[in-house]
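Structure, as structure tokens:
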Amino acid sequence: YEPILNQIKEEVCCILVKMPFHLAVLNPDAAKEVIEDIPQIQKWYVGGHSLGGAMAAEFAAYDKRVQGLILLAAYPTKELNDIPVLSLYGSEDGVLNMEKYTSSIGLASDVTEILIEGGNHAQFGNYGEQKGDHAADISREEQQAQTVEAILNMMKAHKDQKQEEAMMTYEQISPQEAKERMDKEADVIILDEPMVGLDPRQIIEMRDLIRNLGEEHTVILSSHILSEVQAICEKVLIIARGRLVAFDAPENLEKLRQSS
């Protein structure tokens, strides 16, 4: 799958995850490890081909950090709620079970389906022919070029939509103005990823603001940047797949991590 990613990486950061014996089913949460290793990236798309696509869909169904899903000759097995999904398959695919595909693609409420005329199952990758597949009527290069174009168009459309929504709801105010507004509100203040998009000086100001607010209010901070949590919070709750798995002071959780 490297040739497809080599073209996409001209526009976005791409990561190809190594799977045990090249089977995604043996490590369906592999994307989680990558996402947690690179906290500075806030928007993620996941995708896969055939069974790898099904595993990517399963991961996207529960990880809220996933902004979009790309399925190459694959279909979801779990409900995907409002995650944008791009589904591509070839007209000459002899491997994809179209009956199961048709009954399962409805699990995605926001899906764009693209049929690549003349494409087959194996040509999404570069591993050669696949048993049961039909002969393609177009070259591997052409099928992969159409795939890359569709993926980049999906990401651009999603980015434009998010920017438009942000322009409609975004208002830039200083930390002092934020404090004045929050002082007028209830005793509980919830901040979701407050450090995202800030420069180093603004991050310091936001840290000070949160600490000051914490003297008179209960501040609930949601973040994937663990260094910020350690620098600000007195208590930490760790939630995995919707379940509370840890609750303690940051220093105690760090000791627990080191001892495990």
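Start at 1 with the first residue, then count along the sequence.
Between E99 atom CD and S104 atom OG the span is 10.0 Å, to the nearest 0.5 Å. In this structure, CD in E251 is found 9.5 Å from CD in E234, a value given to the nearest 0.5 Å. Annotation: the span from Q230 atom CD to E254 atom CD amounts to 5.5 Å, rounded to 0.5 Å. Note that the OG atom of S222 and the CD1 atom of I239 stand 8.0 Å from one another [nearest 0.5 Å]. With rounding to the nearest 0.5 angstrom, the CG atom of L72 is 8.0 Å from the CD1 atom of I116. For the atom pair CG (L69) and CD1 (I83), the distance works out to 7.0 Å, reported to the nearest 0.5 Å.
The 12-atom threshold is exceeded at CG of D37, counting heavy atoms of other residues, nucleotides or ligands nearer than 6.0 Å. Within a 6.0 Å radius of CD in E2, no more than 12 heavy atoms belonging to other residues, nucleotides or ligands are found.
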Y89 and L115: side-chain contact (heavy atoms from CB on, under 4.5 Å), yes or no, with the steps?
CA-CA 5 Å; Y89 59 93; L115 173 65; 3.4 Å; yes
Carefully, step by step, assess I15 and I38 under the rule side-chain contact (heavy atoms from CB on, under 4.5 Å).
CA-CA 11 Å; I15 299 172; I38 315 176; 3.6 Å; yes
Under the criterion side-chain contact (heavy atoms from CB on, under 4.5 Å), I'd like the reasoning laid out for T112 against M154: C-alpha separation, chi angles, the key distance, then a yes or no.
CA-CA 9 Å; T112 299; M154 173 219 192; over 6 Å; no
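Considering all non-hydrogen atoms of both residues, L71 and G53 come closest at CD2-O, 3.3 Å. The nearest pair of heavy atoms linking C233 to P250 is O-CG, 3.3 Å. Between E92 and N120, the shortest heavy-atom distance links the atoms O-CB, 3.7 Å. Of all the heavy atoms in A122 and G128, the pair that sits closest is CB-O, 3.3 Å. Closest non-hydrogen pair, H121 versus D133, comes out as N-OD2, 3.1 Å. Looking at every heavy atom in both residues, A60 comes nearest to V66 through CB-CG1, 3.8 Å.
Annotation: side chain of V148 is not in contact with side chain of E11 (no heavy-atom distance under 4.5 Å). Looking at L152 and E10, their side chains never come closer than 4.5 Å, going by heavy atoms from C-beta outward. For the pair I238 and V245, the minimum side-chain heavy-atom distance is below 4.5 Å. The closest side-chain heavy-atom distance from F59 to I35 is below 4.5 Å. You'll find the side chain of M206 reaches within 4.5 Å of the side chain of L209, heavy atoms only. Between Q146 and I138 the shortest side-chain heavy-atom distance falls below 4.5 Å. Counting heavy atoms from C-beta outward, E228 and R207 have side chains that approach closer than 4.5 Å. No side-chain heavy atom of I114 sits less than 4.5 Å from a side-chain heavy atom of S87.
Checking side-chain atoms of S103 against main-chain N and O of K100 turns up a donor-acceptor pair under 3.5 Å.
No continuous path of ILVMFWY side-chain contacts below 4.5 Å connects V95 to I70, so the two sit in separate hydrophobic clusters. Hydrophobic clustering (side-chain heavy atoms under 4.5 Å, transitive across Ile, Leu, Val, Met, Phe, Trp, Tyr) keeps L107 apart from M98. Note on L86 and L80: separate hydrophobic clusters, where clusters join Ile, Leu, Val, Met, Phe, Trp and Tyr whose side-chain heavy atoms are under 4.5 Å apart, directly or indirectly. In the hydrophobic clustering of this structure, Y45 does not group with V17; members are Ile, Leu, Val, Met, Phe, Trp, Tyr whose side-chain heavy atoms approach within less than 4.5 Å, directly or through other members. Linking Ile, Leu, Val, Met, Phe, Trp and Tyr residues whenever their side-chain heavy atoms come within less than 4.5 Å leaves Y62 and M55 in two separate clusters.
Each of E129, Q143, E141 was compared with Q123 under the side-chain hydrogen bond (donor to acceptor under 3.5 Å, both in side chains) criterion, and only Q143 meets it.
Under 4.0 Å is where a charged nitrogen must lie from a carboxylate oxygen, and between E205 and R201 at least one such pair does.
By the 30° and 60° cut-offs, the orientation of the rings of Y1 relative to Y127 is perpendicular.
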